[in-house]
Amino acid sequence: MSRMLDSTPAAPPATLRGAIRDAIERALGEAVAAGDIGPLDEPRPIEVQRSGKPEHGDYATNVALQLARPLRMPPLAIASAIAARLQDAAGVVDSAEAVAPGFVNIRLADPALAAVVDAARREPDHWGRLAGPAESTGRHVNVEFVSANPTGPLTVGNARGAFVGDLLARVLEAGGQRVTREYYFNDSSAQVRNLGASVLAQREGRPIPEDGYHGDYVIALATELPQELIAPRPGESDPDARAWAVGHWASARIREGIEASLAHLGVRFDAWTTEGSLATEGWVDQAIERLRDGGHLYEQDGATWFRSTAFGDDKDRVVIRSNGERTYFAFDIGYVIQKFSRGFDHLIYIWGADHHGTVARVRNAAAAMGFDKARVEMILTGWVHFVRDGVEVSMSKRAGTFITLDDLLEQLGVDAARWYFASRGANVNMDVDIELARRQSSENPVYYVQYAHARIASILRKAAEAGLQPAASVGGLLAEAPDAILARIVARFPEVVEDAAAAQETQGVTTYATELATAFHAYYRDARVIDAGSPERSARRLALVDATRITLASALGLLGISAPEAM
RNA sequence: GCGCCUGUAGCUCAGUGGAUAGAGCGUCGGCCUCCGGAGCCGAAGGUCGCAGGUUCGAAUCCUGUCGGGCGCGCCA
C-alpha cells in the first residue's frame, strides 16, 4: 500500500483507476529501465478503462497497442513485459495478464477494493467528492444560467437551462471546483417598458399593445398594481415614464416569482447581476476602452465596430450604434470584464441553441481584451419541444401560451424532472409528450434507484431491531460472487464523478445509479443479508449494503434528487 | 447560400478510438412459504442516416452527402 503513495508524491490517486494507472506507469518505466522494451521518445498518457467482461478482469489498458508502432515491437510482447512487472505491484493489482491483440487485463486486489468500500462509510459526505477540501486548489468557476428576462414566469424552455446549469454546477463542485451560480437580470431593456405598458393597458381596460404581453400573469399583475403607479406624476414629461415605472414594479414582482420557482426546483443563485449595474459601474465603457486601446475598434457609418473578423468571426460587430446607444453585445463584453475582475478563473455560460451565433463574437472580444479565450466557455442547450396528442404546443411568452417551470414540476415532480434532464445531454433536442411524460413519471427510473435506497434503509432498520450492526469493514467478504460484484460497482463511484466533472455532464451519473440499483436488486435476490445463523457474515454484508446505500444517496444528491428512507 | 447543433432498438435516450453497441418504456413469456413485487428472470427487436477515408481497431476522428433543428440586425 505504501508503495502506491511513494510513487505519487504530489497527489495520491483519488480513484482505484488512478492507482492502477500509476501502477502501470511504474511497470512501464521498470520495463524500459530493464531493457525489456525500447526507450520512449515522449511520455504518453496511459489509458485505463473498465473491462467490459468479467473474464477480462476489472481494468484494462491499451498502452501496449499504442506503443507498438513507435517502439516497433509486437503489441503482445509489450503487453507481456508490462503485465510481468505489474504482478509485482502489491497494493491494488491482484493479477495482470497480457492478451491478444495487446491488452493488459488487470484484476483488483481484494484489500484495496475493501478499503475503498469502507471509505464510503467512514466519510459519507466526502464519498465521490474529489480532491477533498479544494478551496485552495480548485479553480473558481462562474456558471451563468437561466438569465431569463423578467417579463413573465419561467417557461420549460428556461427550465432546460435551469436544470443544465444547476447540474453542471453540482458536478463541478463534486470535482473539487468552486462554483458561483449567476443570474444575469435584464432590468433596463425596452421589454421592461413593454411589460409595463401591457400591465397598464390591462389595468385601464385598454387593448394591450400589439407586441405586448398577454398571459394570465399580466391580468394578475394589473389587478395588484398599486394606485400610485397608475397616476401620472406631476411634472413628468416623458410619455413612457409611467410604463417604465410600472414595468420596473412588475419585473420586480416577476423576479420574486422566478426565484420562488427556482427555489422549488432546488436551485439557488449566488449572484444576481443587473444589466443596469454594468452601465452605471462603468464596465461597459471599460470594455470599449480596452478594445479601443488595443486597436480593435473602428468607426463606420457613424457607428463603432469591433473587428471580430480579425479573430475568425464572419463579420464585424457594432458596439456603439450611430445613435450613441451601446449594443447588447457591448454589455456582454463589459460583463466579461466584470466577471474576471471578480476573480473567476473560468466563465461558463448556459445559453439556448438560438444563441450560438453570439458565441464567437463574445469569445473573440474576450481574447481582444487580453483574456484567455479558453476561459470563456459556452454550453448551448437543445430545445425542449413539447407536443400534446401529437400536436406541437407552441410557446410564446408574449402570446401567453406557454408551459411554465411550475407546471412541469407540478406534473412530474422535482425528482423525476431532475432525473429526466440529468440523463440527457445538454445539447440534444428533446421531444416531450406532456401526457406521456406525466403517465411515465411514475415509471421514471429515478424511482427505481430511490426504491433500492429505501429497501436498504429498511434492511438496516430491520437488522438493528434484530441486534445486528454493520461491521467496520467489508474485508473478507469480497472473494465470492454476489458480494464481489456489488462491491466493485460501489467502488467505481469516484471514477464516475471524476468522469462527470471532466466531461461536465451528468448522464454518466444517472446511468451509473441505475446500474448500481440493478446490481443491488440482484444482490438482494442472491445474498441473504440478515442471517442470524451467520452473524459475522451478516455484519459484513450490512457494511456492504450500507456502502451501497451511501453511494446511491451520493449519486442522487449529486443530481439534487432526494434519497428517501422509505417510500 | 454560409455557419453551428443533431441523426443509435417501435418510443425516449446512454455510449467523448477498444474486446459480442446498452438502458428505461412498450411488446411477449415466466417468478410472491423467506430481509420491501415501485422487485426478479427470460425472449423478440440494430445495414449506429448513407458513401468514402484515417487506424492494429471507428457509433466515436476526417471528407463528402441526405434528413431535422437553429442562427446569419446599428434587436435583445
Side-chain angles (χ1 to χ4, degrees), chain A residues 47 49 51-53 55-56 60-62 64-66 68-69 74-75 99-103 105 149 186 189-191 275 300-305 313-315 317-329 331-332 352-360 380-383 385 419-420 423-433 436-437 439-440 442-452 454-463 465-466 468 499 502-505 507-508 510-512 514-515 517-518 520-522 524-532 538 541-542 545 566-567:
Chain A
E47 291 176 35
Q49 57 208 206
S51 296
K53 292 194 290 185
E55 313 89 89
H56 292 155
T61 181
N62 60 357
L65 288 157
Q66 310 256 0
R69 180 172 287 259
V99 297
F103 290 106
N105 291 331
N149 285 340
N186 191 331
S189 82
Q191 293 178 47
E275 182 183 356
Q300 186 180 310
D301 304 330
T304 303
W305 298 70
D313 203 352
D314 56 354
K315 59 184 71 165
R317 308 293 173 176
V318 172
V319 289
I320 305 175
R321 291 193 260 160
S322 53
N323 68 3
E325 284 180 28
R326 290 160 304 187
T327 59
Y328 188 85
F329 170 59
F331 280 75
D332 270 344
D354 54 339
H355 282 69
H356 67 76
T358 65
V359 170
L380 303 176
T381 63
W383 293 120
H385 189 233
W419 183 277
Y420 194 82
S423 59
R424 287 154 175 79
N427 60 352
V428 302
N429 295 330
M430 302 193 297
D431 282 338
V432 178
D433 185 307
L436 200 61
R439 241 180 296 133
Q440 286 184 346
S442 64
E443 293 151 3
N444 191 300
V446 73
Y447 299 119
Y448 179 80
V449 176
Q450 289 180 322
Y451 179 67
R455 214 175 189 188
I456 297 172
S458 170
I459 292 174
L460 292 168
R461 282 193 299 269
K462 191 147 281 188
E465 286 167 19
L468 283 168
D499 289 344
Q504 302 185 158
E505 291 179 342
Q507 301 97 287
T510 57
T511 304
Y512 170 79
T514 305
E515 185 184 343
T518 301
F520 167 72
H521 287 306
Y524 178 85
R525 182 193 66 226
D526 296 333
R528 183 79 200 175
V529 178
I530 300 175
D531 186 354
S538 277
R541 284 191 163 164
L542 283 169
V545 146
M567 54 193 290

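Between the side chain of A:N429 and the main chain of A:W383, a donor-acceptor pair closer than 3.5 Å is present. A:T381 places no side-chain N or O within 3.5 Å of a backbone atom of A:A426 that could act as its donor or acceptor partner. Side-chain N or O atoms of A:S538 include one that pairs as donor or acceptor with a backbone N or O of A:V529 at under 3.5 Å. Using modelled atom types, one side-chain atom of A:S51 and one backbone atom of A:H56 make a donor-acceptor pair closer than 3.5 Å. Listed for the A:R424 side chain is a donor-acceptor partner under 3.5 Å among the backbone atoms of A:Y420. Between the side chain of A:R541 and the backbone N or O of A:R528, at least one donor-acceptor pair lies under 3.5 Å. Judged by distance alone, the side chain of A:T327 and the main-chain N or O of A:V318 form a donor-acceptor pair under 3.5 Å. Distance alone, capped at 3.5 Å, places no donor-acceptor pair between the A:W419 side chain and the A:N444 backbone.
A cation-pi geometry, defined here as NZ or CZ lying under 6.0 Å from the six-membered ring centre and within 45° of its normal, does not hold between A:R455 and A:Y451.
Comparing B:rA58 with B:rC74, their C1' atoms sit 48 Å apart, to the nearest whole Å. The P atoms of B:rU65 and B:rC4 are separated by 14 Å, rounded to the nearest whole Å. Separation of the C1' atoms belonging to B:rU54 and B:rC72 is 33 Å when rounded to the nearest angstrom. Nucleotides B:rA19 and B:rG57 are separated by 14 Å at their P atoms, to the nearest Å. Rounded to the nearest Å, the gap between the P atom of B:rC62 and that of B:rG26 is 38 Å. Using atom P as the reference point in both B:rG36 and B:rA21, the two lie 39 Å apart (nearest Å). Remark: the separation of the C1' atoms in B:rU6 and B:rU16 is 16 Å, to the nearest Å. Here, B:rA51 and B:rC66 have their P atoms 15 Å apart, quoted to the whole Å.
A:A454 comes within 4.0 angstrom of a nucleotide base, judged by non-hydrogen atoms across all strands. Residue contacts for A:G425: at a heavy-atom cut-off of 4.0 Å it reaches the sugar-phosphate backbone alone, with no base atom in range. No contact: A:D332 has no heavy atom under 4.0 Å from any strand. A:A360 comes within 4.0 angstrom of nothing in the nucleic acid, heavy atoms only. Residue A:I530 is classed as a base contact, given a heavy-atom separation below 4.0 Å to a base.
A sub-4.0 Å separation between OP1 or OP2 of B:rC13 and a side-chain N or O of A:Q507 is absent. Remark: A:K462 is in phosphate contact with B:rG36, judged by side-chain N or O atoms under 4.0 Å from OP1 or OP2.
For A:T511, the listed nucleotide lying nearest its side chain is B:rA14; candidates were B:rA19, B:rA14, B:rA23. Distances from the side chain of A:V529 to the nucleotides B:rG18, B:rC35, B:rG36 place B:rC35 closest. Set against B:rC5, B:rA19, B:rA14, the side chain of A:V428 has B:rA14 as its closest nucleotide. You'll find that the side chain of A:S458 is closest to B:rG36, out of B:rU12, B:rG15, B:rG36.
In this entry the distance linking CD1 of A:I459 with P of B:rC34 reads 15 Å, nearest Å. Going from atom CZ of A:R424 over to atom P of B:rC25 covers 13 Å, rounded to whole Å. Rounded to an integer number of Å, the gap from A:Q49 CD to B:rU60 C1' is 14 Å. Protein atom CD of A:E505 is 15 Å distant from nucleotide atom P of B:rC13, rounded to whole Å. Here B:rG57 presents its P atom at 16 Å from CD of A:E47, a figure rounded to the nearest Å.
Residues A:A503 and A:S423 each lie close to RNA chain B; by heavy-atom proximity, the contact nearer the 5' end of the strand is made by A:S423.
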Worksheet item: Reading nucleotides 67-76 of chain B from the 5' end, what letters show protein touch, with B for base, S for backbone sugar-phosphate only, - for no heavy atom under 4.0 Å?
Response: --SBSSSBSB
Discussion item. Generate the contact string for nucleotides 38-43 of chain B. Rules: B means base contact, S means sugar-phosphate contact only, - means no protein heavy atom under 4.0 Å.
Written reply: BSSS--
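Applying the side chain to side chain donor-acceptor pair (under 3.5 Å) criterion to A:H355, with sequence neighbours excluded, gives no partner residue. The side chain to side chain donor-acceptor pair (under 3.5 Å) test applied to A:E325 returns A:R321, not counting sequence neighbours. Partners of A:D332 under the salt bridge (charged side-chain N to carboxylate O under 4.0 Å, His left out) rule, at least two apart in sequence or in another chain, do not exist in this structure.
Remark: RNA chain B takes part in the stems B:1-7 with B:66-72, B:10-13 with B:22-25, B:27-31 with B:39-43, B:49-53 with B:61-65, each of 3 or more antiparallel Watson-Crick or G-U pairs, criterion distances under 3.5 Å.
Syn is the conformation of B:rC32, whose glycosidic angle sits no further than 90° from 0.
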Item to complete: Could you please spell out the steps behind the side-chain contact (heavy atoms from CB on, under 4.5 Å) verdict for A:F103 and A:Q49?
Response: CA-CA 11 Å; A:F103 290 106; A:Q49 57 208 206; 4.0 Å; yes
Discussion item. Would A:T518 and A:Y448 count as a side-chain hydrogen bond (donor to acceptor under 3.5 Å, both in side chains) here? Give the steps.
Written reply: CA-CA 8 Å; A:T518 301; A:Y448 179 80; 3.1 Å; yes
